[in-house]
Amino acid sequence: MARNLCYTGLILRSRPSGEANREIWLLTAEAGLIRVTVFGGPKSRLRAYASPFHSGRVWIYHDPVKDTRKLSDFDVHSWRPGLRELYERAMAADTIAETILASHGGGGNWEDALSIAETALDALALADDETCARIVMWFFWQWIDFLGLRPEFASCSSCGKATDRGAMLRFSPKEGVMICTDCCGNETKAGIAETSPAVGPGCRHWLETVHLLTPDQLFRHTLDKPSFREAHTLVTAILTEALGKRIAGWDHNSVNIK
């Protein structure tokens, strides 16, 4: 069994381990999430390289007997210093990282998972505070689609009728689908309550459009504050059902749209 392994990876989290070492969590294209120990004090070059949101080629020594992993070398391709220059960028990046970690890296097809994460982080590194919120929303929607959880807006899942693009819909957390207003009165059948996320035409249009865009194209498609709130409530409801918990950073992101 090979002990020296090489991955294409992105550091999502770094935490102290013992008196001088650190543990990092990597999202890799080859093996998904990996936890690795970084040995060395504060002046260690390797420790400086192994910081959150750096990505590149990672060399790891795996001890199969103890089942431990040690960072041997890191050829950083993307440093993303901009994420540390603005508070909103840093908070948005942390939100993305915690969402990926909570969903176990997406559970498969890690190359695509890594691509989505890096695309969002590259855009965040240059974004202003309001655009940060939109980029996180873009990431949420792409991640929901990646997890196979994106609901369809074209028809009501309860009655099967095509939905009018100007009509209000509601999301059923119980079923993970969209329900038209005509079916919302039957809560037992539709799994709908008054607190279930509502999706208006502005929110729906933006979500259907943004799915096809890259983050650097978001400026072309504005989103008013009420529609942003609807989108945020919808995506976090979907993710909460999928992950079984709510991440604190999600709520921070919801207050940054103007």
Is the shortest heavy-atom distance from the side chain of [X] to the side chain of [Y] under 4.5 Å?
X: Thr95; Y: Phe139; value: no
X: Leu124; Y: Ile96; value: yes
X: Leu71; Y: Tyr49; value: no
X: Trp25; Y: Arg15; value: yes
X: Ile135; Y: Leu218; value: yes
X: Arg204; Y: Thr163; value: yes
X: Thr99; Y: Val136; value: no
X: Pro173; Y: Ser196; value: yes

**Request:** Determine whether more than 12 heavy atoms belonging to other residues, nucleotides or ligands lie under 6.0 Å from atom CZ of Arg246.
**Result:**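 Enclosed: over 12 neighbouring heavy atoms sit under 6.0 Å from CZ of Arg246.
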
**Whether over 12 other heavy atoms sit under 6.0 Å from His77 NE2** =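 Yes, enclosed.
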
Can a side-chain donor-acceptor contact be found between [Y] and [X] if the only test is distance below 3.5 angstrom?
X: Glu118; Y: Ser55; answer: yes
X: Thr119; Y: Trp138; answer: no
X: Arg57; Y: Thr8; answer: yes

Indicate, with yes or no, if [Y] and [X] share a hydrophobic cluster defined by side-chain heavy-atom contacts under 4.5 Å among Ile, Leu, Val, Met, Phe, Trp and Tyr.
X: Met168; Y: Leu234; answer: no
X: Ile34; Y: Tyr61; answer: no
X: Phe39; Y: Val36; answer: no
X: Leu126; Y: Leu10; answer: no
X: Leu149; Y: Phe153; answer: yes

Restricting to non-hydrogen atoms, name the atom on [X] and the atom on [Y] that form the minimum distance, rounded to 0.1 Å.
X: Ser227; Y: Cys203; value: OG-N, 3.6 Å
X: Cys180; Y: Leu169; value: CA-CD2, 3.9 Å
X: Arg84; Y: Pro52; value: NH1-O, 4.1 Å
X: Phe74; Y: Leu46; value: N-CD1, 3.8 Å
X: Ser172; Y: Ile179; value: CB-CG1, 4.2 Å
X: Trp141; Y: Pro151; value: CH2-CD, 3.9 Å

Return the [atom1] to [atom2] distance between [X] and [Y], rounded to the nearest 0.5 Å.
X: Ile24; Y: Arg47; atom1: CD1; atom2: CZ; result: 11.5 Å
X: Ser103; Y: Leu239; atom1: OG; atom2: CG; result: 8.0 Å
X: Trp110; Y: Ile100; atom1: CH2; atom2: CD1; result: 14.0 Å
X: Thr236; Y: Phe140; atom1: OG1; atom2: CZ; result: 7.5 Å
X: Asp122; Y: Leu83; atom1: CG; atom2: CG; result: 8.5 Å
X: Ile11; Y: Phe53; atom1: CD1; atom2: CZ; result: 10.0 Å

**Item:** Test log, rule side-chain contact (heavy atoms from CB on, under 4.5 Å), inputs Thr68 and Thr37
**Value:** CA-CA 8 Å; Thr68 58; Thr37 301; over 6 Å; no

Has the side chain of [X] got a donor or acceptor atom that lies under 3.5 Å from a matching backbone atom of [Y]?
X: Glu230; Y: Pro197; result: no
X: Gln142; Y: His211; result: yes
X: Arg89; Y: Ala127; result: yes
X: His232; Y: Trp250; result: yes
X: Arg69; Y: Ile60; result: no

**Message:** Can you pull out every salt bridge (Lys or Arg N to Asp or Glu O under 4.0 Å) where at least one residue sits in residues 90-113? Sequence neighbours excluded, please.
**Reply:**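 Counting only pairs at least two positions apart or across chains, the salt bridge (Lys or Arg N to Asp or Glu O under 4.0 Å) contacts touching residues 90-113 are Arg13-Glu98.
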
**Request:** Sequence neighbours left out, what passes side-chain hydrogen bond (donor to acceptor under 3.5 Å, both in side chains) with Trp206? Give chain and number order.
**Result:**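 Applying side-chain hydrogen bond (donor to acceptor under 3.5 Å, both in side chains) to Trp206 gives none.
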
**Message:** Does Leu12 form a side-chain contact (heavy atoms from CB on, under 4.5 Å) with Leu33? I'd like the steps, not just the answer.
**Reply:** CA-CA 9 Å; Leu12 297 175; Leu33 291 177; 3.8 Å; yes

**Message:** Could you walk me through whether Val210 and His221 satisfy the side-chain contact (heavy atoms from CB on, under 4.5 Å) test, starting with their C-alpha distance in whole Å, then the side-chain angles of each, then the deciding distance to 0.1 Å, before giving a yes or no?
**Reply:** CA-CA 8 Å; Val210 79; His221 300 270; over 6 Å; no

**Request:** Just do the side chain to side chain donor-acceptor pair (under 3.5 Å) check on Asn4 and His62 with the steps written out, would you?
**Result:** CA-CA 6 Å; Asn4 293 292; His62 177 222; over 6 Å; no

**Message:** side-chain contact (heavy atoms from CB on, under 4.5 Å), that's the test. Do Leu26 and Val58 meet it? Break it down for me.
**Reply:** CA-CA 9 Å; Leu26 289 155; Val58 184; 4.0 Å; yes

**Asked** Is any NZ, NE, NH1 or NH2 atom of the basic residue among Lys70 and Asp63 found under 4.0 Å from an Asp or Glu carboxylate oxygen of the other?
**Response**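 No, Lys70 and Asp63 are not salt-bridged.
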
**Message:** With salt bridge (Lys or Arg N to Asp or Glu O under 4.0 Å) as the criterion, how do Glu88 and Arg134 come out once you've worked through the C-alpha distance, each side chain's angles and the decisive distance to 0.1 Å?
**Reply:** CA-CA 12 Å; Glu88 299 301 336; Arg134 299 184 191 278; over 6 Å; no

**Asked** So Trp79 and His54, would you call those rings parallel, tilted or perpendicular, with 30° and 60° as cut-offs?
**Response**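 Perpendicular.
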
**Prompt:** Any idea how Trp143 and Phe146 line up, ring-wise: parallel (<30°), tilted (30 to 60°), or perpendicular (>60°)?
**Reply:**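 It falls in the tilted class, 30° to 60°.
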
